[in-house]
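Values in this document were obtained by computation on a predicted structure and should not be read as measured data. We number each residue from 1, following the sequence as shown.
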Amino acid sequence: MQEDLIIRYLAGETSTEEEKQLQVWKAQHVENEKHFHELKKAFELSTAHVTQRSKEEIVVDVDQEWKKFVNTIEKKETPIRTLNPENPSRPWLRIAAVLLLLIVSGFVINYFVFRNADIQFQTADNVLSVSLPDGSKVTLNKHSELSYGSTFGETNRTVSLKGEAFFEVEKDPLKPFVIHINNAEVEVLGTSFNVQGYTVRKEIEVTVQTGLVKFSIPEANKEVRLEAGQKGIYSKATNDLKSGANQDINFLAWNTLKLVFVENDLQSVIETLNKTYQTNIKLPATISASCVVTVTFDHQSLESVMNVLKNTLNLEYRIKGNQIEIISAGC
């Protein structure tokens, strides 16, 4: 993928077909996505710099820069062919030399910008699968963000997370995989697990599917080790960190879109639906806790799920904007 297409895209000069072509290219390999974000970072920095100086007059004195260029070259021991800078018929030589210096300088600046830029992945109302340079895989839930340094995998494997994600980590005993989320830290060697720590929620949860992880709060000097089938919960309010067996078989439903309910009361079903679909279903206290649900959903929309519950429990509900309010239940 040529850089000029990326630059034209960032400048808003690409056609719909070219944008589709760029999206396909980005999805083909993680290095493509990484290269795109590096160019985007440099573009944003350069745009900010130009904006800052938009009210200033930017002038390049070609004659002065040419003299600097000649003086620099003459200091070198390597023989060169002398060019006459005063030749009016060849002014383009001086301009080309100045541009060359600017390009080389820009390359050095961009190199260090690229080397120091973080790679970021963000989701809105979508779920995103990301392949990391070390072969590990991360699935980001809605409204989440994953970031890591451009040197990830070289000396360390450290990432930062906001929101929720499921990790499938490649084993590397020499480089532990570390996740920073709020003021908590999760360290693994090779395993699969789910981390949930949306800032709007009062708890951070780590649920292990396979392997072993260390879940710690460095500031509080607390840590727990979690094996497959266990969950660790950190309460932001009480600064309490605890662990135990994971009783929630639907903890990965947001990723797998498979929900299993076996004689679950309606309140817990609603709570699971809200977490899975990130919706806002309200259940009034007047509805009896005796309403139980035994049903399995597999890749079904929220609308389909609500229709099944409506027919099964004789529910009545109404929709107000992004909120679903249950009015009554025939159980």
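- Between I324 and N280 the shortest side-chain heavy-atom distance does not fall below 4.5 Å.
- V127 and F121 fall into different hydrophobic clusters, where Ile, Leu, Val, Met, Phe, Trp and Tyr residues are linked whenever their side-chain heavy atoms come under 4.5 Å apart, directly or through other members.
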With side-chain hydrogen bond (donor to acceptor under 3.5 Å, both in side chains) as the criterion, how do E164 and N194 come out once you've worked through the C-alpha distance, each side chain's angles and the decisive distance to 0.1 Å?
CA-CA 7 Å; E164 183 171 16; N194 192 75; 2.9 Å; yes
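- Between the OG1 atom of T256 and the CG atom of N250 there is a distance of 8.0 Å, given to the nearest 0.5 Å.
- Linking Ile, Leu, Val, Met, Phe, Trp and Tyr whenever their side-chain heavy atoms come within less than 4.5 Å leaves V130 and L252 in two separate clusters.
- Within the model, atoms CG of L257 and CH2 of W254 stand 10.0 Å from one another, a figure rounded to the nearest 0.5 Å.
- Counting non-hydrogen atoms of other residues, nucleotides and ligands closer than 6.0 Å to NZ of K222 gives a total above 12.
- One distance of note links NZ of K258 with CD1 of I249; it measures 9.5 Å at 0.5 Å rounding.
- In summary, the side chains of E203 and Y198 do not present any donor paired with an acceptor at a separation below 3.5 Å, with no hydrogens or angles considered.
- Looking at Y234 and N239, their side chains do bring a donor and an acceptor atom within 3.5 Å of each other.
- Here the straight-line distance linking atom CG of L128 with atom OG1 of T123 works out to 7.0 Å at 0.5 Å rounding.
- Of the inter-residue distances, the one linking I326 atom CD1 with Y317 atom OH reads 9.0 Å to the nearest 0.5 angstrom.
- Under the 3.5 Å distance criterion, with hydrogens and angles disregarded, no donor-acceptor pair is assigned to the side chains of Q230 and N246.
- For the pairing with E205, the salt bridge (charged side-chain N to carboxylate O under 4.0 Å, His left out) check across K242, K231, K236 returns one residue only, K231.
- F167 and F193 have parallel rings, their planes meeting at less than 30° on a 0 to 90° scale where 60° marks the start of perpendicular.
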